[in-house]
Number of protein chains: 2
Amino acid sequence: MQTSNNISPSLTRADTVFIDLRQRIVEGDVQTGSKLSEPELSKYYEISRSTLRDALSRLEGCGLLERKANIGYRVVTLSTEKLLEIFRVRESLEGMACRLAAQNMSVKQIADLKYLLDVHNKHESLQQGEAYIQQEGDVDFHFRIVMGSGNKLLIRLLCEELYYLVRMYRYQFGMASPRAKKAFSEHHHIIQAIEDRDGELAEILMRRHISASRKNVEKRMNTL
Amino acid sequence: MQTSNNISPSLTRADTVFIDLRQRIVEGDVQTGSKLSEPELSKYYEISRSTLRDALSRLEGCGLLERKANIGYRVVTLSTEKLLEIFRVRESLEGMACRLAAQNMSVKQIADLKYLLDVHNKHESLQQGEAYIQQEGDVDFHFRIVMGSGNKLLIRLLCEELYYLVRMYRYQFGMASPRAKKAFSEHHHIIQAIEDRDGELAEILMRRHISASRKNVEKRMNTL
DNA sequence: AATTGTTTTATTGTCGACAGTTTTAGCTTG
DNA sequence: CAAGCTAAAACTGTCGACAATAAAACAATT
């Protein structure tokens, strides 16, 4: 007898496996490109194959797994080319999100975001080289702006599909970019545009911000 | 014994049901907002619930179905608000696709697209009011530009996830827009920019083109 | 020894049945 | 008659087993 918590949407077994596997894939605990054996995984999680397949199909929807008929699921492989493709999509989608955020974010949301940026700024000043915190701060910043757009489709595409891939690249490609200082300054300019309700400028700044990261990767790729 | 065609990727039962249901949902044969009974549907298709659920989970990935734990799948509901959200996402993504297409489309691809546009233009001149052909022509035009971008992620997001929703709105909202003439002219300008390899202009023109459609819907919404 | 063809093994696709939850129907009570 | 509780029906979540397909191991031939 499973006394389900009636308040929150009851978590099914497939849900928990989906969430756990997602994290393991993102963090590289399950290697990129590796084939997922359904019998093996279902034994590992002590669930049936049906339940596992439910979880796997959802991971495919996140773009973390690929499936071939009669062959099975594989973890996606990472490549610089794919990373650059993601940057192009983020540039366009987050640019639009930023434009809409300038229209739709509440005064309180904007204030909270400014506060968040200050906190991270101090962290960065005090304990130099804490790349981890800086990364999480960056993720949080972009996340909040997308949420602030108020466009549910945009939110779904970015937060539920693309961002897990983005985090996967961060974990496994180790993007400790040397753009920390610049990124902070760019974030501040973006918030300013949002606060001024200048959607057009906000979009341009966000696109430049992401485009700069992309060019950074392209430059590093060419020097190798 | 099923002599599977070894050349093409063998179609599984779940595949065929997925494709058939997708069309029925897009064309409104399965009503929006209606709940899908798994026992009923599996009986209809003469397959087991497991196979059906495989198909349903993929339809959820396309954004055509919504799922709640312990309750089941429903066909998504359509609304003007959601349609406007789609336009915003298309504006940003297809704008980027058009920019990349200007860089990456081959000379032959561009020539084919110009030819396609001419054919549809003649059709439109001859048999006035053939909204259907005009619609399909529009879909094809946008589709080819996205393909021409060469960005696989962009292609997946637009062609495999968003465009079925777009077609669903066209079928069920009956968007016989009065923008036929203008749209043709805009398409021509876009191709010209692509031919000139002017990515920046191509993006701007595509965004205006889609933005104009959005504003058209907004205007119609306000007059009701 | 390498390669092709065959057999065996393992894996995915599909099925039907049971368990737990939600919804519906019916009954009781104020 | 309405409201609330209870019991029954229906549905989704989960399970284990069989069928069809792909991968691996092995044998045979050149």
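Numbered from 1 within each chain, the chains take letters A, B, ... in sequence-line order. Side chains included, hydrogens not; waters and symmetry mates left out as well; all remaining heavy atoms used.
Between A:S37 and C:dA10 there is no side-chain N or O to OP1 or OP2 distance below 4.0 Å. The shortest distance between the side-chain N/O atoms of B:S48 and the OP1/OP2 oxygens of C:dT14 is not below 4.0 Å.
Distances from the side chain of A:T12 to the nucleotides D:dT12, C:dG13, D:dT14 place D:dT14 closest. Comparing atom distances between the A:K35 side chain and each of D:dG13, C:dC15, C:dT11 picks out C:dT11 as nearest. In this structure, of C:dC15, D:dC11, C:dT11, it is C:dC15 that holds the atom nearest to the side chain of A:S50.
Residue contacts for A:L36: at a heavy-atom cut-off of 4.0 Å it reaches the sugar-phosphate backbone alone, with no base atom in range. No engagement by B:L56 is indicated, since no non-hydrogen atom pair under 4.0 Å with the nucleic acid exists.
Taking the six-membered ring where the residue is Trp, B:H187 and B:F141 present parallel rings, their angle staying beneath 30° rather than reaching 60°.
In this structure, OH of B:Y73 is placed 11 Å from C1' of D:dG13, rounded to the nearest angstrom. Rounded to whole angstrom, the span from the CZ atom of B:R74 across to the C1' atom of C:dT22 amounts to 13 Å. Taking atom CG of residue B:D54 and atom C1' of nucleotide D:dT14, one finds them 16 Å apart after rounding to whole Å. Taking atom CG of A:D15 as the reference point, atom C1' of D:dT14 lies 13 Å away to the nearest angstrom. For the pair B:R67 CZ and D:dC11 P, the interatomic distance rounds to 17 Å; values are reported in whole Å. Taking atom CZ on B:R53 and atom C1' on D:dC15, their separation rounds to 12 Å, with Å as the unit. Straight-line distance from the CD1 atom of B:I71 to the P atom of D:dT12: 10 Å, rounded to whole Å. At whole-Å resolution of the value, NZ in B:K68 and C1' in D:dT12 are 15 Å apart.
Cation-pi geometry between B:R24 and B:Y44 is met: the NZ or CZ atom falls under 6.0 Å from the ring centre, inside 45° of the normal.
Between A:N70 and B:N70, it is B:N70 whose nearest contact on DNA chain D lies nearer the 5' terminus.
For C:dG20, its base never sits under 3.5 Å from the side chain of A:R13 at any donor and acceptor pair. At a cut-off of 3.5 angstrom, the base of D:dG13 holds at least one donor-acceptor pair with the side chain of B:R49.
The environment of CD in B:Q23 is sparse: at most 12 heavy-atom neighbours from other residues, nucleotides or ligands sit within 6.0 Å.
By the 4.5 Å heavy-atom criterion applied to side chains, B:R197 and B:I110 are counted as neighbours.
B:N104 places a side-chain N or O within donor-acceptor distance of the main-chain N or O of B:S149, the cut-off being under 3.5 Å.
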